[in-house]
Number of protein chains: 2
Amino acid sequence: MLRLTKKADYGLMALKYLAEQADLAEKAGADLHLTGARSAKDIAEAYHIPPQLLAKILQTLARAGILVSHAGTNGGYALARPAATISTFEVIRAIDGPLFITSCITIHGACDLAGHCTIKEPLRKVNDSITSLLSGISIADLAEPVDHLPAAMAGGLVSIER
Amino acid sequence: MLRLTKKADYGLMALKYLAEQADLAEKAGADLHLTGARSAKDIAEAYHIPPQLLAKILQTLARAGILVSHAGTNGGYALARPAATISTFEVIRAIDGPLFITSCITIHGACDLAGHCTIKEPLRKVNDSITSLLSGISIADLAEPVDHLPAAMAGGLVSIER
DNA sequence: CGATGTACGACCGAAATGGTCTTGCTTCCC
DNA sequence: GGGAAGCAAGACCATTTCGGTCGTACATCG
């Protein structure tokens, strides 16, 4: 249940990586017009993921305004904004699309089963809770050792085993 | 993203329905050994969902100990416990299986990509938050008009449009 | 015994997912 | 200017998952 796709996984990993690069570049005082830009291939190699697939993911991220791309030799991708201002929610939505927790809630909020689906209201709230949870977590939060996560993440630690 | 399957949807709807039936039966003082038992076909008709599919879902729930079944004429399914003690999490897990938010976290907690997946730790916490969120919502919460949901559901209402 | 209903496994088509290939266009550097 | 490095984008494909159906077997009540 509640699985996010491998693409989203990859996307988050790549963003985290780029965030670290940007951080390093900044600390080194580098005067690159694109601080910490890295090619899709580099990132793919770092994490052992299919380069072509990652490329496609990065492209969609760039289209969504989360990354900026730079073609040509020594080109690559870099964060379009500071890592702290990019939420995981935004990323996931850009990659996986605006899907909802319940199949019954469409884009227009209408239920296929007009009247007889009384379950959707409470579930919509669950949905909202999750979105706000994800919205509260930025790429920067992923990049740094996470001991103190945003308040949104408070909550029991239910252990899940089969 | 974060979609739960139609089966889980159906399962929750059916449980809600059964919870209401049990409630009615109790109020009427009925002395049924199985209070509010309903056949799969009845429920399916009430919500316009494929009867055979629902039957299979109910069987799964019965195997999970959430429902009790009674074969034969006038048989059917009823809640095995009070609706307030059945969490949505439990239901979803029974139907969809113990899947995790990130594909990288397996049952054994091991990551395919041994070392180089540094994203999983924070995501695991998100995962835990969601589980505890769902654990805090019972079937009874779904059945009654939901104005005051459990505290776990506090959180911003982020509106999501395409 | 027969009607009603659960139990369960095999099966199937459609859609989503994960991934590859090809082709084209930009930019840098020699 | 001409490569080489790199992004852009779309067609394409294999595999899995999902939603749903069918058939058969078994239980129970009247």
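Here the structure is a predicted model, which is why all the values come from computation and not from measurement. Order of the sequence lines sets the chain letters (A, B, ...), proteins ahead of strands, with each chain counted from 1.
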| query | Minimum heavy-atom separation for Arg38(A) to Ile43(A), with atom names? | reply | CB-CG1, 4.1 Å

Give me, pair by pair, the N or O atoms of the protein and of nucleotides 20-25 of chain C that are less than 3.5 Å apart, along with how far apart they are.
from: dT20(C); atom 1: O4; to: Lys56(A); atom 2: NZ; distance (Å): 3.1

| remark: Correct closest heavy-atom pair for Ser138(A) and Ala83(A) would be CB-O, 3.6 Å

| request: Can you tell me which residue pairs pass the salt bridge (charged side-chain N to carboxylate O under 4.0 Å, His left out) test with a partner in residues 50-70 of chain A, sequence neighbours excluded? | output: none

| task | Using atom NZ of Lys6(B) as one end and atom P of dA15(C) as the other, report the distance to the nearest whole Å. | result | 11 Å

| query | In whole angstrom, what separates Ile57(A)'s CD1 from dG18(C)'s C1'? | reply | 9 Å

| task | Take Ser39(A) and Thr73(A), find for each the nucleotide of DNA chain D with the closest heavy atom, and name the residue whose nucleotide sits nearer the 5' end. | result | Thr73(A)

| side-chain N/O Arg63(A) vs dA9(D) OP1/OP2, d < 4.0 Å | yes

| query | Atom CG of Leu4(A) and atom C1' of dG18(C): how far apart are they, to the nearest Å? | reply | 15 Å

| message | Rounding to an integer number of Å, can you tell me how far Leu67(B) CG sits from dT6(C) P? | response | 11 Å

| query | At under 4.0 Å between heavy atoms, what does Ala40(B) touch on the DNA or RNA strands: base, sugar-phosphate, or nothing? | reply | sugar-phosphate

| message | Is there a side-chain contact between Tyr77(A) and Val68(A) in this structure, where contact means two heavy atoms from C-beta onward sitting under 4.5 Å apart? | response | no

| said: How many whole angstroms separate atom CG of Leu54(A) from atom C1' of dG18(C)? | reply: 13 Å

| field | Below 4.0 Å: OP1/OP2 of dC29(D) and any side-chain N or O of His70(B) | value | yes

Quick one: side chains of residues 11-20 of chain B, donor-acceptor pairs under 3.5 Å with protein atoms, not counting sequence neighbours, listed by atom name and distance.
from: Lys16(B); atom 1: NZ; to: Thr118(A); atom 2: OG1; distance (Å): 2.6
from: Lys16(B); atom 1: NZ; to: Glu20(B); atom 2: OE2; distance (Å): 2.9

| query | Expressed in angstrom and rounded to an integer, what is the separation of Lys41(B) atom NZ from dT4(C) atom C1'? | reply | 9 Å

| task | Considering just the side-chain nitrogens and oxygens of Ser69(A), establish if one lies under 4.0 Å of OP1 or OP2 belonging to dA8(D). | result | yes

| field | Residue-phosphate contact under 4.0 Å: Tyr10(B) side-chain N/O, dG20(D) OP1/OP2 | value | yes

| d(CD, Gln59(B); C1', dG9(C)) in whole Å | 10 Å

| On DNA chain C, nearest-nucleotide positions of Asn74(B) versus Ala8(A): which is more 5'? | Asn74(B)

| said: When you measure from the side chain of Thr85(B) to the backbone of Arg81(B), do you find a donor-acceptor pair of N or O atoms at a distance under 3.5 Å? | reply: no

| message | Could you go through Lys41(B) and Leu54(B), starting from their C-alpha distance and side-chain angles, then the distance that decides it, and tell me whether this counts as side chain to side chain contact (heavy atoms under 4.5 Å, CB included)? | response | CA-CA 8 Å; Lys41(B) 210 186 75 183; Leu54(B) 181 62; over 6 Å; no

| request: Assign Ala62(B) to base, sugar-phosphate, or nothing according to its heavy-atom contacts below 4.0 angstrom with the strands shown. | output: nothing

| field | Between P of dT4(C) and OH of Tyr77(B), the distance in whole Å | value | 17 Å

